[in-house]
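Residue numbers start from 1 in every chain, and the chains themselves are labelled A, B, ... in the order their sequence lines are given, proteins ahead of strands.
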There are 2 protein chains.
Amino acid sequence: MPASPLFRRIDVAPAYQKVADAIEREIVSGRIKPGDPIGTELELVRQFGVNRSTVREGIRVLEEGGLLWRDSSRRLQACLPRYNKLATRLSRALVLHEVTFRELFEVSMTLEIASTECAVERATEEDIAELADNLARSEQVIADPAALAECDADFHVLVAKASHNRVLQLAREPAAQLFFPTTEMIVSHGAQGATRLVEAHRHLLEAIRRRDKAAGVQWTRRHLQDWRRGFERIASLDRSVEHMYMEHAQAVRRK
Amino acid sequence: MPASPLFRRIDVAPAYQKVADAIEREIVSGRIKPGDPIGTELELVRQFGVNRSTVREGIRVLEEGGLLWRDSSRRLQACLPRYNKLATRLSRALVLHEVTFRELFEVSMTLEIASTECAVERATEEDIAELADNLARSEQVIADPAALAECDADFHVLVAKASHNRVLQLAREPAAQLFFPTTEMIVSHGAQGATRLVEAHRHLLEAIRRRDKAAGVQWTRRHLQDWRRGFERIASLDRSVEHMYMEHAQAVRRK
DNA sequence: CAAATCTACTTTGTCCGACAAACTGATAAA
DNA sequence: TTTATCAGTTTGTCGGACAAAGTAGATTTG
């Protein structure tokens with residue numbers, strides 16, 4: 001047994017990791033801005049003094065993390081991680097952890113209400129126009145559960161956008177991605193599910209337009225309670241989110 | 001210009017991506033369970049019929065996504081994506097999007113209150129014991145801002161854990177990772193900041209113990225308002241979260 | 001017989017060199 | 001001006017190579 005450690009542990013992170021970390025540092029610190037080119041693989045090989053395979057492994061890590069992407073000509077660029085892609089990863093994690101619909105519902109209720117409150121305060125004319133447009137489309141496809149479910153998901157994304165709080169937009173997305181796909185099932189199951197949904201959206205939009213926070217919150221709550229009642233007619237809230245949803249999310253991501 | 005497309009677009013995803021997708025499908029679908037070995041690189045080479053470099057690039061993608069990891073002997077295993085790692089990625093994204101402290105504060109207020117409400121309902125004896133333990137430690141390090149800030153962050157993680165809602169735990173984490181590091185600055189700045197913080201924790205724990213939801217919410221709100229007042233003495237809430245915090249988060253992640 | 005040591009084998013991380021396909025940019029032809 | 005051609009880059013993939021670290025089985029030692 002050595003008397004006392006003479007030397008500190010040396011850093012033995014693999015080279016590809018160091019490459020990834022080095023590039024990540026430059027991007028996160030702001031020295032490389034989104035849109036800036038990173039250089040070709042060969043240039044990186046020369047700069048880091050490692051093999052191209054090693055550089056490529058490092059690049060894959062950052063590409064997956066959403067910090068790098070390849071433009072149309074496949075050249076490397078720094079970029080801002082897209083919320084959507086991150087949210088998909090999170091949703092996947094929630095599925096694997098087998099969270100229940102009760103957990104999703106609880107959080108969605110909280111976040112959608114917060115979303116509405118902020119939207120009532122801050123929605124711009126443009127936000128309202130987008131919401132109105134969405135509502136008009138919903139009314140047209142009221143008989144088509146799949147299309148209506150998509151409209152519903154979009155509507156709530158738009159409300160979140162109108163909140164002008166990007167943290168909120170990001171925070172609600174993972175639960176929403178798992179939560180809203182069930183809307184199709186629910187709407188096509190119950191009889192007046194579709195009309196109640198559109199009605200709720202109409203009142204919600206009206207509340208945002210009139211800057212009436214209490215009404216906005218009330219209709220958001222009612223809207224989600226409707227979802228819950230509809231869901232409970234089909235399955236238990238304590239059922240865990242299933243792999244089915246993940247496959248749905250993957251299909252969406254790829255298109 | 002061709003009259004009409006005779007052929008469908010051929011799938012030209014790179015091989016490493018196909019490898020990653022194939023393994024991901026097996027894991028997400030549940031056919032490979034967390035903890036199951038994936039096999040050695042050479043086995044994957046044989047199964048997929050591609051080069052080892054290609055397999056390795058595919059593996060990197062999944063490793064970064066948190067679906068694969070290498071155990072102590074560096075063999076590949078499927079695993080559940082850790083919330084912590086995902087949250088770090090999200091925090092990084094928030095930094096790059098230059099969100100403001102106001103946005104963080106707004107969402108944290110919402111989620112911490114929700115967290116408290118659920119914790120009051122569902123905290124077990126064990127949860128309460130952990131919180132009490134944390135509180136005792138806080139009282140010991142009340143004069144050490146760095147240690148106290150860490151205790152504070154832990155306290156809120158424990159409250160979220162006591163909510164027994166995993167979606168909530170995950171949803172609050174990204175904002176918290178950026179929000180709480182400022183506690184150190186705030187506590188060391190104001191005079192009674194530290195005592196007020198510990199006092200809030202004490203009341204909060206007491207509320208959870210007594211299942212008193214109103215008191216829990218009230219003290220959570222007061223606690224966060226304290227943070228806000230403290231922060232505003234130092235900087236504007238509309239300042240964007242800075243790169244500094246990201247470096248802090250990276251240091252934490254590595255240890 | 002149990003514990004420690006040695007040895008042969010496997011696996012990972014890295015490197016090298018190679019090549020086809022796709023893309024770039026510029027020049028030549030219609 | 002548009003189209004065709006062509007040489008040079010760059011990426012994606014391949015095959016093979018090797019040192020370091022880990023594994024497991026055989027062997028020695030107490």
Taking side-chain hydrogen bond (donor to acceptor under 3.5 Å, both in side chains) as the criterion, tell me which of Glu126(B), Gln169(B), His156(B), Glu130(B) meets it with Lys161(B).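 Result for side-chain hydrogen bond (donor to acceptor under 3.5 Å, both in side chains) with Lys161(B): Glu130(B).
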
Quick one: do Glu41(A) and Arg70(A) make a salt bridge, cutoff under 4.0 Å?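 Salt bridge: yes.
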
Could you tell me the separation between the [atom1] atom of [X] and the [atom2] atom of [N], rounded to a whole number of Å?
| X | N | atom1 | atom2 | value |
| --- | --- | --- | --- | --- |
| Ile38(B) | dT11(C) | CD1 | C1' | 16 Å |
| Glu63(B) | dT12(C) | CD | C1' | 11 Å |
| Leu42(B) | dT11(C) | CG | P | 7 Å |
| Asp71(A) | dT11(D) | CG | C1' | 12 Å |
| Glu43(A) | dT10(D) | CD | P | 7 Å |

Within the 4.0 Å limit for protein heavy atoms, which parts of nucleotides 13-23 of chain D are touched? Write it as a string from 5' to 3', B for base, S for sugar-phosphate only, - for none. BBB-B----SS

Considering only heavy atoms from C-beta outward, does the side chain of Arg89(A) approach that of Glu64(A) to under 4.5 Å?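 Arg89(A) reaches Glu64(A) side chain to side chain.
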
Between Val157(B) and Glu173(B), is there a side-chain heavy-atom distance shorter than 4.5 Å? yes

What residue pairs, at least two apart or across chains, pass ring-ring contact (aromatic ring centres under 6.0 Å, His included) with a residue in residues 20-68 of chain B? none

Atom CZ of Arg74(B): over 12 foreign heavy atoms under 6.0 Å: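 Atom CZ in Arg74(B) is not packed in, count stays at 12 or less.
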
